[in-house]
Amino acid sequence: MSAPPSLPKRFEAAPAEARWYREWLARGVFHAAADDPRPPYSIVIPPPNVTGSLHLGHALNNTLQDLLCRHERLRGRNVLWMPGTDHAGISTQVVVERELKKEGKTRQDLGREAFVNRVWEWKARYGARIVAQLQALGASCDWERERFTMDPGLSRAVREVFVRLYHEGLIYRSEYLVSWCPRCATVLSDLESPFQPVAGKLYRIRYPLADGDGAIEVETTRPETLLGDTAVAVHPDDARFRHLVGRHVRLPLLGREIPVVADRFVDPEFGTGAVKVTPAHDPNDFECGRRLGLPSINVMNPDATLNANAGPYEGLDVAQARKAVVEDLDRGGLLAGVKDHEHEVPHCDRCETLVQPLLSEQWFMRMKPLAEPALAAVREGRVRFHPKSWENTYYHWMENIRDWAISRQLWWGHRIPAWRCGACSEWTVVADDPERCAHCGSSDLAQETDVLDTWFSSALWPFSTMGWPDDTPELRRFYPTNVLSTAFDIIFFWVARMIMMGLHFMGEVPFREVYIHPLVRDEKGRKMSKSKGIGTDPLDVMAIYGADAMRWTLASLAAQGRDIRFGMETVEGGRAFVTKLWNAARFALLNLGDLDPAAPREPRGLYDRWIRSRLDAALAEAHAALEVYRFNDAASALYQFCWGELCDWYIELAKPALQAADAKQRRATQQTLVEVLSGTLVGLHPFMPFVTEEIFYALPGHDGRLVVEHAYPEPASALDPVETAAMETLLAVIAAVRRVRGELGLPPSLDVHLTLPTAARALLGDHLASIASLTRAAEVRFSDAEPPVEAAVTLAGGFRVQVEVGDKKHLGEERRRLEKALEMLEKDLSFASKKLDNPDFIARAKEAVVAAERTKRERLVAEREALRERLERIVAAQGSSA
RNA sequence: AGGCACGUAGCUCAGUGGGAGAGCACCACCUUGACACGGUGGGGGUCGGCGGUUCAAUCCCGCCCGUGCCUACCA
């Protein structure tokens, strides 16, 4: 590609983005070789679901990861950013089923194989779309290594892990109470069965004692489930019931004798303090039943009608059964009361049907033994969270961890590598499809139809993507990865499980740090959600403002511990900054036409060395901020430098020098412009890769390497204290004069004459032209003569600065200005005096603080005297002229 | 119910034990040869409320009010 001769008036983002991304890929700059000797830096992408396309939350997360990767690349590391996507079992299956429904078909119509093929087609389409979105964003992923959770290699890892854990006794099969949607005829995860408020009733029912008089009363919202009761439970410390524990009650309607048991899950404060226990139809009761070894009686069919265990109520649906049971109880005198009761009940996320807890056989992973080392890893700082407060979330979950139900009744996913023998009913669990039963040798084997929970394969992502279970160069080079950047809501589902699996199978944590990025909300503060249709497509944002502007904006907003409220207009600031940078570069290029890149370096002037030192400071600050994931601080440091120092000051100071007759001075300035602009581009590149590349390529004297192939500049020597003082004074004087102009209402076209005291000559003697240029003064001179009454006087950097316009028209404004300034001074002075007059302050405050306060007071007093004197002169002059 | 955040300028948000900042918006002036997606200057805040610790609190502690989230769900 050829360099544009100069920069066009406007930056055209879209073509530049496409061009540079292509060029990066062509040059292979994102590929990380396992045998590269440079120190490695690695990140695995949180694999987006192939369910749909990415929203701004993904854009944020991937912008930040890209930022880190590009930053580390510029620091000379061998950076691997491992990309890929996740098959997202249930979500993807559901969206494809929805597609099918439009054709009037169900997955059952197609059959498992044909249905799975349909899902693969979907995956191909959306997987490609996601990659396109990431590339549009500028993501510097190593695409040669792109992975998908159902790739053969990753599927092999899944099988290997399942088989090993099974034989270690960490995976088992057991009956469990699952959330079942009777309408969808499928198991739901907790996430898919959100609680919704329901206006129900609380029924108080009398359970007579089996051996003697009296009864225990219990309360329930679902009276029909009493048909499956196998106990009544009370709290072990509840004195009211202690004498009843171990005795039996007679179950109303069915007459079965069931025991009274004690369990701590019972809240003595609620209702009667006694609760019916239905292990087959309530999660709490199920746990209780397990603890106490109670039987489970399932009274419900999968379609939510009652089964034969319900005796006379068989065949009724839940609502009918409730009505019948309540009537019968009432008739039998066992209904002790009914009252309204609002409560929260899980509903199917997709069809709103009331979810029923249902007993079924599932595969489980035993979590305690895996959680212990993972807990220790975070406690001992081998994995660190940013912000650190998320560690509490992690601890809380890990300390209360329960076994993980890993099987799903789905078709899309990793089919469980377990075969049941038709002859002996035993399970054979092996990595490769078996010929015969491991127990009896029979060849009558049938593979488990369930698939694994999606998170099972996601948990292996940091090492399965690098070729595990083989011992690969990639694993040795890039595992553990440096950081995982992700959202807080999957700390349990994903982060914790990766740490457990990484420790168990690799013997090492999967990442040293976890960065939890902010949540992106819409302008109304709502969480972005694909399913609810709330969300902005990053491609839409980039089409309007450009990828760089969007990236910059997102990074600038990524403060620790707070969500991002995102409206389209938010990006306008980012775009303005991109444009500002672009125009600064245009200015430079307009003045670099005659610069011979091979010319020897001229000695630098003060401004040149100053701006260079400011660049170094900004780069250092940005680097320090990025080290601790303070992206907004890094952005802010670079922004302030680029706009507030380079554009506002250096470029303005450089203008006279560029017009100067002195060729050496001109050349020094040109060389500094190139040097500092290049450094700025490198510094900004991680945030805005495209525009920096575009400008960099247009700068003279580059060696054909792109920004992406460069390194951060080594810091130059810093300014000495005298030079620093000169710069600070210079800028303060200019600002002071501008302020006077503004406050007196002097139009920019009006000539002013400036006078500085001769004492300022040492610092400012070389800079009169600059002062004149930046204040639009006709003349700047040194003199200690008493200023004429019509001169405006201000103080800057410890010097008195006179501004003269040549007439007395502004005397009134000047008087008001001085009065206001004096008022402010008095206020500051009284604060300082109040402190210094307090003996406790002198005695107890740090010495430096006291000294600073004294200096401040002295300065304020001197300034006050100077301004008072001026004010008196003006008052006198006005009095005499009136 | 428990836990965790948050409450700072009109808006969106940074920030620190020593009288508070940015961007946008607002006001005034400026079509100056990089840039009006711009320049120069300016106005604007009891830093949610009440107590406490401290020489000093917007910052640390307690309580309260408001908002959001997470976890557990009371059958």
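For the numbers below, each heavy atom of this structure counts, side chains included, while hydrogens, waters and symmetry mates do not. So you know, we letter chains A, B, ... as the sequences are listed, proteins then strands, and number each from 1.
Side-chain proximity of Phe492(A) to rA75(B), rU71(B), rC13(B): nearest is rU71(B). Relative to the side chain of Ala584(A), the nucleotides rA34(B), rG19(B), rC69(B) differ in distance, and rA34(B) lies closest. Looking at the side chain of Lys580(A), the nearest of the listed nucleotides rC35(B), rC55(B), rG42(B) is rC35(B). In this structure, the nucleotide among rA14(B), rC30(B), rG68(B) sitting nearest to the side chain of Pro748(A) is rC30(B). Comparing rC55(B), rG68(B), rA75(B) by their nearest atom to the side chain of Ala845(A) picks out rC55(B). Distances were taken from every side-chain heavy atom of Ala576(A) (C-beta onward) to each of rU71(B), rG38(B), rG43(B); the shortest belongs to rG38(B). For Arg565(A), whose side chain is taken as the heavy atoms from C-beta onward, the closest listed nucleotide among rC13(B), rU32(B), rG19(B) is rC13(B). With rG23(B), rA75(B), rC55(B) as the choices, the nucleotide that has an atom nearest any side-chain atom of Asp267(A) turns out to be rA75(B). Considering only the side chain of Arg586(A), rC35(B) comes nearest among rC35(B), rU32(B), rG43(B). Looking at the side chain of Asp648(A), the nearest of the listed nucleotides rC55(B), rA34(B), rG39(B) is rG39(B).
Between Phe385(A) and Trp390(A), the ring center distance fails the sub-6.0 Å criterion.
Across all strands shown, Arg844(A) has heavy atoms under 4.0 Å from base atoms, whether or not it also approaches the sugar-phosphate. Residue contacts shown for Asn838(A) are limited to sugar-phosphate atoms, with no base heavy atom under 4.0 Å away. Leu519(A) comes within contact range of no nucleotide atom at all, as no heavy-atom separation falls under 4.0 Å. When heavy atoms are screened at a 4.0 angstrom cut-off, Ala559(A) is found touching the sugar-phosphate backbone but no base atom. Using a 4.0 Å heavy-atom distance criterion, Pro747(A) is classed as making no nucleic acid contact. In this structure, Arg741(A) reaches neither bases nor backbone, as no heavy-atom distance under 4.0 Å exists between it and the strands shown. Glu572(A) comes within 4.0 angstrom of nothing in the nucleic acid, heavy atoms only. At the heavy-atom level, Phe577(A) lies nowhere under 4.0 Å from the strands shown. Among the heavy atoms of the strands lying under 4.0 Å from Arg575(A) is at least one base atom, whether or not backbone atoms are also near. Within 4.0 Å of Arg630(A), counting heavy atoms only, lie sugar-phosphate atoms of the nucleic acid but no base atom.
Regarding contacts with the backbone of rA34(B), a side-chain N or O of Lys655(A) is found under 4.0 angstrom from either OP1 or OP2. Note on Trp643(A): a side-chain N or O is less than 4.0 Å away from OP1 or OP2 of rG39(B). Regarding contacts with the backbone of rG18(B), every side-chain N or O of Lys856(A) stays at 4.0 angstrom or more from both OP1 and OP2.
For the pair Asn583(A) CG and rA36(B) C1', the computed distance is 11 Å after rounding to whole Å. Atom pair Arg738(A):CZ and rU32(B):C1' shows a separation of 12 Å (rounding to whole Å applied). Summarising the geometry, the separation between CG on Asp633(A) and P on rG23(B) is reported as 15 Å, rounded to the nearest angstrom. One can place CG of Leu557(A) at 17 Å from P of rA22(B), the figure rounded to the nearest angstrom. In this structure, Phe841(A) atom CZ and rG18(B) atom P are separated by 11 Å, rounded to whole Å. Whole-Å rounding puts the Met824(A) CE to rG44(B) P distance at 9 Å.
Place Lys9(A) and Val275(A) on RNA chain B by their nearest nucleotides, and Lys9(A) ends up nearer the 5' end. Of the two residues contacting RNA chain B, namely Asn392(A) and Asn632(A), the nearest-nucleotide position lying further toward the 5' end is that of Asn392(A).
Taking the C1' atoms as reference points, rU16(B) lies 35 Å from rC29(B), given to the whole Å. Comparing the same atom, C1', in rU31(B) and in rG17(B) gives a spacing of 49 Å after rounding to whole Å. rU8(B) and rU67(B) have their P atoms separated by 14 Å, given to the nearest Å. On the P atoms, rG15(B) is 25 Å away from rC63(B), given to the nearest whole Å. Rounded to whole Å, the P atom of rA57(B) lies 12 Å from the corresponding atom of rC47(B). For rU58(B) and rU54(B), the C1' atoms lie 15 Å apart once the distance is rounded to whole Å. Between the C1' atoms of rU12(B) and rU53(B), the separation comes to 34 Å (whole Å). For the P atoms, the distance from rC11(B) to rC26(B) is 15 Å, rounded to whole Å.
With salt bridges taken as basic N to acidic carboxylate O contacts below 4.0 Å, none links Asp828(A) and Arg859(A). Looking at Lys820(A) and Glu823(A), no side-chain N of the basic residue comes within less than 4.0 Å of a carboxylate O on the acidic one, giving no salt bridge. Ion pairing between Arg264(A) and Asp237(A) holds under the 4.0 Å rule for side-chain N and carboxylate O. We find that Glu814(A) and Arg817(A) are joined by a salt bridge, their nearest charged nitrogen and carboxylate oxygen being less than 4.0 Å apart.
Partner Tyr203(A) forms a side-chain contact (heavy atoms from CB on, under 4.5 Å) with one of Arg322(A), Glu219(A), Lys339(A) and no other, that one being Arg322(A).
Because its NZ or CZ atom is both nearer than 6.0 Å to the ring centre of Phe587(A) and within 45° of the ring axis, Lys655(A) counts as a cation-pi partner of that residue.
Residues Trp649(A) and Ser770(A) have side chains not in contact (no heavy-atom distance under 4.5 Å, counting atoms from C-beta outward).
Checked by distance alone, Glu652(A) brings a side-chain donor or acceptor within 3.5 Å of a matching partner on the base of rA34(B).
In this structure a side-chain-to-backbone donor-acceptor pair under 3.5 Å is missing from Arg864(A) to Leu829(A).
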Once Watson-Crick and G-U wobble pairs under 3.5 Å are found, how is RNA chain B written in dot-bracket notation, 5' to 3', with | for any base paired to another strand? (((((((..((((....[..)))).(((((.......))))).....(((((..]....))))))))))))....

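Taken from CD1 in Ile734(A) to CZ in Arg776(A), the straight-line distance is 14.0 Å, to the nearest 0.5 Å.
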Test log, rule ring pair (Phe, Tyr, Trp, His ring centres under 6.0 Å), inputs Phe631(A) and Tyr515(A): CA-CA 11 Å; Phe631(A) 298 96; Tyr515(A) 171 69; 5.2 Å; yes

